[in-house]
S.K.: 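Below is one structure. I have some questions about it.
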Amino acid sequence: MGDTEKKVKLIDSDGRRNDGRMPHELRPVKIEAGVLHRADGSAYVEWGGNKVLAAVYGPREAHPRHLQKPTRALVQCRYNMAPFSVSDRKRPGPDRRSNEISKVISEAFSSVIFLEQFPRTSVDVYMEVLQAEAGTRCAAITAASVAIADAGVPMRDLVVGCASGKVGGVVCLDLNKDEDNFGEADVPMAVVPRTGEIVLLQMDGHLKPEEFDQAMAYSLKAAEQINELQKDALRRRYSVSLDEFRAVQPPAPEPEEEPKYDVYHEDQPGVVE
Ligand code: UDP
């Protein structure tokens, strides 16, 4: 921000952004459920240049044991960026940023999962950012939510992550890397689409109240679109094509042989079959 921001042109004369999008447009999003066989649930999300894998285990006995809650489950999230996910190698292991993101994502999921049904257990959610291009926490929440559903963990609804911000004085949906670096503000959030409840809200930079309202309106609308992609990924994972259905069906039993009776033909009294 500051001097550099002035040198980078983020919005051109016809209102388009540096990747050709209009302010209200999302980057392309692709979601796939059930991509890992060892985890109880998993999902993979590509969102613009972001690539994120999520794996879920549980509810299973919580470890370390002293963290167990006698009346409910814990949600333990780990957001991690691979060293090769960014242009400068990222030092492996947790840091202040990833600890913070893991914490706020745990809190977001704690408010939708039916925790009281699973006392003393933990739902463990791992999010691995394989490639980062701004908006990784939103992509990670979106992937984790599909992975939790894939694991069959009961929750009130899927959770969708989405961000909006301000770039070159214009409120824009879903900032890309340059916009995140050189823009004026970024507001990532997570929403429960069925109720419109906000379960995560952060803000980097400054917005006027009316700009904040516009940013929220963009993100809430986009969340509906992303939620459809999440549901579609789960449907694809659990719907079976007719060929697959036939392949897993046991072979149809051989028809039983008809018992043989003598048939007397009245019109041909001498003929018995
Ligand atoms: N980033 C990076 N190195 C880091 C952390 C972040 O290059 O150690 C990049 C990465 O592309 C990330 C972007 O900066 O997506 C924005 O990071 P931010 O902390 O705003 O989180 P995000 O937008 O990814 O949720």
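Values in this document were obtained by computation on a predicted structure and should not be read as measured data. One-based numbering along the sequence shown. Counting starts at 1 for both ligands and their atoms, in listed order.
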S.K.: Go through it in stages, so that I can follow the logic: the residues are Leu200 and Glu107, the test is side chain to side chain contact (heavy atoms under 4.5 Å, CB included), and I'd like the CA-CA distance, side-chain angles, deciding distance and then a yes or no.
M.R.: CA-CA 8 Å; Leu200 180 153; Glu107 288 168 0; over 6 Å; no
S.K.: Hey, is CD on Glu32 packed in by over 12 heavy atoms from elsewhere, all under 6.0 Å?
M.R.: no
S.K.: With a 4.0 angstrom cut-off on heavy atoms, strictly below it, pick out the residues next to ligand 1 and order them by chain and number.
M.R.: Met81, Val86, Arg97, Ala132, Glu133, Ala134, Gly135, Thr136, Arg137, Lys177, Asp180
S.K.: Is any side-chain N of the basic residue among Arg236 and Asp232 closer than 4.0 Å to the acidic one's carboxylate O?
M.R.: yes
S.K.: Under the 3.5 angstrom rule, does the side chain of Ser42 hit a backbone N or O of Ala39 as a donor-acceptor pair?
M.R.: no
S.K.: Report the relative orientation of the aromatic rings in Tyr57 and Tyr126; use parallel for angles under 30°, tilted for 30 to 60°, perpendicular for over 60°.
M.R.: perpendicular
S.K.: Checking the side chain of Glu61 only, and the main-chain atoms of Ser122 only, is there a donor and an acceptor separated by less than 3.5 Å?
M.R.: no
